[in-house]
Structure formats: structure tokens, C-alpha cells
Amino acid sequence: MKKVEVYYATYCPYSIKALKMLDEKGVEYKSYAIDDDEDKLREKLGEYYKIEGKVTVPQIIVDNKRIGGYDDIKKLDEAGKFEEIFLD
């Protein structure tokens with residue numbers, strides 16, 4: 001089973017869409033609400049995602065590899081690669 005982590009904000013529509021998509025696809029994951037705490041997000045994602053400026057949510061990690069946010073997993077699904085990355 002793949003290790004999936006999702007860092008999200010409860011007020012973010014893209015976070016909500018990402019969590020819903022993962023649920024609908026049957027992906028098991030651990031989720032971490034980061035609401036308004038960008039420092040906490042940077043701390044949690046530091047080893048995966050070093051960036052200057054703003055860090056956006058959601059951030060989705062699979063087996064210690066940063067996949068991206070909602071738009072990224074939607075593109076993977078449209079390309080037929082979602083299951084390969086999240087479920088195989």
C-alpha cells in the first residue's frame with residue numbers, strides 16, 4: 001500500500017476537491033489541516049518542497065514524493081495515470 005499524505009486548509013476549495021477525489025477513488029491517506037499556519041506547512045513539507053514565497057495547499061505526497069495539488073492529480077486522472085501513482 002502506498003503512503004499518501006495530504007496537507008490542506010479547511011477553507012480552501014481546491015483542498016476540499018482533492019480530498020473528495022481521493023475519497024471517491026478509494027485512496028487511503030493521512031490528512032493534516034494547516035489552516036493559516038504557513039510556517040507549519042513549510043516545516044512539514046521542507047524535505048519535499050523547498051520554495052521561496054508562498055506555499056499553496058493542498059500538497060499531496062505519495063511515498064515521500066511530492067505529487068502537487070488538486071490540478072496535478074486531476075491531470076493525472078485525465079491522463080489515466082492516477083491509479084498507477086496512488087493505488088498500484
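Note that the structure is a prediction, hence the values are computed from the model and not measured.
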Residues forming a salt bridge (Lys or Arg N to Asp or Glu O under 4.0 Å) with K25, sequence neighbours excluded = D77, E83
In Å, rounded to the nearest 0.5 Å, how long is the span from [atom1] of [X] to [atom2] of [Y]?
{"X": "I67", "Y": "I60", "atom1": "CD1", "atom2": "CD1", "value": "8.5 Å"}
{"X": "T10", "Y": "I16", "atom1": "OG1", "atom2": "CD1", "value": "7.5 Å"}
{"X": "K17", "Y": "K20", "atom1": "NZ", "atom2": "NZ", "value": "9.5 Å"}
{"X": "Q59", "Y": "Y32", "atom1": "CD", "atom2": "OH", "value": "14.5 Å"}
{"X": "S31", "Y": "Y7", "atom1": "OG", "atom2": "OH", "value": "10.5 Å"}

Could you tell me which residues satisfy ring-ring contact (aromatic ring centres under 6.0 Å, His included) with Y70, sequence neighbours excluded, listed by chain and number?
-> none
Residues two or more places apart in sequence or in another chain: which of them pass ring-ring contact (aromatic ring centres under 6.0 Å, His included) with Y29?
-> none
Do you reckon L19 sits in the same ILVMFWY cluster as L87, going by side-chain contacts under 4.5 Å, direct or chained?
-> yes
Common cluster, Y14/V27, ILVMFWY with side-chain heavy-atom separation under 4.5 Å | yes
Measure from the side-chain N and O atoms of K30 to the backbone N and O of V6, and report whether any donor-acceptor pair falls under 3.5 Å.
-> no
Can you tell me if D63 uses its side chain to pair, donor with acceptor, with the backbone of K2 under 3.5 Å?
-> no
Which heavy atom of C12 sits nearest a heavy atom of V57, and at what distance?
-> SG-O, 3.7 Å
Closest approach of D35 to A9 (non-hydrogen atoms, all atoms of both residues) = OD1-CA, 3.0 Å
Could you give me the CA-CA distance, side-chain angles and deciding distance for Y8 and I34, then say whether side chain to side chain contact (heavy atoms under 4.5 Å, CB included) is met?
-> CA-CA 6 Å; Y8 72 100; I34 305 294; over 6 Å; no
Side-chain heavy atoms of F82 within contact of K74, under 4.5 Å = no
